[in-house]
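Let me begin by presenting the structure, written as structure tokens, before commenting on it.
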2 protein chains.
Amino acid sequence: MSPEENPVPVTGPAKKKQLSREIILSAALALVDSDGLDALTMRRLGQELGRDPMGLYRYAENRAALLDGVSELVLNELAIFPDDPDWQAQLRRIAHDLREIALRHPNVVPLLVTRPLSTPLGLRPLGTLRPLEQILSLLIDAGFAPADALHVYRAYYGYLYGHILNELQEFIVDPEENEALLRLGLHRLPPKDFPRLRALAPVLADYDGEAELDQGISILLSGLAARLSPPAGSANAALTGKLI
Amino acid sequence: MSPEENPVPVTGPAKKKQLSREIILSAALALVDSDGLDALTMRRLGQELGRDPMGLYRYAENRAALLDGVSELVLNELAIFPDDPDWQAQLRRIAHDLREIALRHPNVVPLLVTRPLSTPLGLRPLGTLRPLEQILSLLIDAGFAPADALHVYRAYYGYLYGHILNELQEFIVDPEENEALLRLGLHRLPPKDFPRLRALAPVLADYDGEAELDQGISILLSGLAARLSPPAGSANAALTGKLI
DNA sequence: GCGTAGAGTCTACATCGTAGAGAAGTTGTT
DNA sequence: AACAACTTCTCTACGATGTAGACTCTACGC
């Protein structure tokens, strides 16, 4: 019972080391992953770090900035090699990687999709713009005119995000149930108004997102390559050649 | 100064008519359109209607249900004619219509995209599922096998949503500025790290979303038609024929 | 020692969603 | 007309949230 009883309370993991932006953002991401976006409150995050919530404001201007930081952190998991000469293969790989990142952090996807809507391009977190810059680089180096590279990027990334949203929507699964009708709650739909949807229950149930993404990307890439100035490289001669 | 001074305060438009779900949702949509999603609070909405905020709970279980109602209301602006024999034309028109709806209600787009992520298919507001059902119907009637219809729907709707998100992201415009670099805030990007993006400023500036959507849809539809069981109808023989 | 700067904390406030009790208004029965 | 059974609307109150502003603590150069 000395007055110096607990200068170091040994309470849990954190020993009151200096806080840092990385530590905070990792904790935030962990919180979002496990308990959802709404669980990411300043107070809760502070508690998770064993710190006063107000301390966080030294590392993130406000809650929105925290959310941006989490987006950035997740997007940093995406590796892009802008020097790969085979642009189609590279784009295909990126698509699959991003899909898997999304599946790993489903609760972050609304952020990825929504935050840019309220921030002009140039004010976005830089980490968020890196994929755009690097993919442009990839395409331009592959022979596309810059403006065409932008078109390709837009179609490609648009479809990619759309697919991810689609797949996550159907991923809401109650693992207890394995009857598709029940698992997706389709039995609540009036059969009169939704005959098609209800009839598709079994197909909906075994959705192979990876295959579907791959197929969509194939369609898009070959279509784009055929329609825009085809790059000069040789890695894609087979595909473009076939369509000209 | 009689005690019965103002039993009817004649304050503004509403004369205390009966409330209704439609009235509430319209007011909510108007509020979101003009002041953004965050402005849609129970208190603010109540004030807009000249009513006590608590009254709203008789027509919407909670705020989330209100948001769902707004999504539904907006999606109801979308007309679909599932009996059109020319499925490609129909899908193309729907895409353009939905794009315009999104441009009309940009603040609602996050809802359209995000809400389904937290609600299993069968529990979503029915109005939200109507497009899905009707497009399935359109495709099946056009000759697609049900499972293929679903694939087509997914690729199509995925791309469509992706495009809308893309376009809205770049639509953040400060109408005072018309230099693209400034308007999009691109001047804040370090030239070292983002040479490609900065060089594309003028191209970014005159983004023709409608044309780009149309082109993407063309690529997708013809690709899909070529890859899946082509429908029996004649309206699309030209396109599918060309690719086989 | 002692001052200075940065990091961390405390207190306080406006605002939010919403539970629960009650008031007011409407309708049907006698 | 009087009452009862409703639906609809309002009031009050509570806990939670983001964050401003003042305070305390710690480390370090002189």
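Proteins get letters first, then strands, A, B, ... in listed order; numbering begins at 1 in each. These figures come from a predicted structure and were not determined experimentally. All heavy atoms count here, side chains included; hydrogens, waters and symmetry mates do not.
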Round to the nearest Å and state the distance from A:Met42 atom CE to D:dT19 atom P.
6 Å
note: A:Arg63, atom CZ; D:dA20, atom P; distance rounded to Å ~ 15 Å
Quick one: B:Leu56 CG to D:dT10 C1', roughly how many Å, whole number?
12 Å
CD1 (A:Ile24) and CG (A:Leu56) are apart, to the nearest 0.5 Å, by 5.0 Å
Nearest of D:dC9, C:dG17, D:dG18 to any side-chain atom of A:Arg43?
D:dG18
Write down the distance between CG (B:Leu49) and C1' (D:dT10), rounded to a whole number of angstrom.
15 Å
Taken to the nearest whole Å, CG/B:Asp52 to P/C:dG25 is 15 Å
Nearest listed nucleotide, side chain of A:Arg51, among D:dT8, C:dT9, D:dA13:
C:dT9
Within the modelled atom types, does a donor on one side and an acceptor on the other bring the side chain of A:Arg58 and the base of C:dG6 under 3.5 Å apart?
no
Rounded distance (nearest 0.5 Å) linking atom CG of A:Leu168 with atom OG of B:Ser118:
11.5 Å
Looking at the side chain of B:Leu19, which of C:dT18, D:dC9, C:dT11 is the nearest nucleotide?
D:dC9
Which whole-number value in Å describes the distance from A:Met54 CE to D:dC23 P?
17 Å
In whole angstroms, the gap separating P of D:dT19 from CG of A:Leu45 amounts to 13 Å
Lys/Arg N to Asp/Glu carboxylate O, A:Arg44 vs A:Glu48, below 4.0 Å
yes
With a 6.0 Å cut-off (strictly less than), is the heavy-atom count around CG of B:Asp38, excluding the residue itself, greater than 12?
no
From D:dG18, D:dT10, C:dG17, pick the nucleotide closest to the side chain of B:Tyr57?
C:dG17
Shortest side-chain distance from A:Thr41, nucleotide among C:dT11, D:dG18, C:dT18
D:dG18
Taking the minimum atom-to-atom distance to the side chain of B:Tyr59, which one of C:dG20, C:dT9, D:dT8 wins?
D:dT8
Please report the closest heavy-atom contact between B:Leu40 and B:Ala28, naming both atoms and the distance.
CD1-CB, 3.9 Å
Which nucleotide sits closest to the side chain of A:Gln18: C:dA7, D:dC9, D:dT19?
C:dA7
Would you mind reading off the distance between A:Leu40 atom CG and D:dG18 atom P, rounded to a whole angstrom?
8 Å
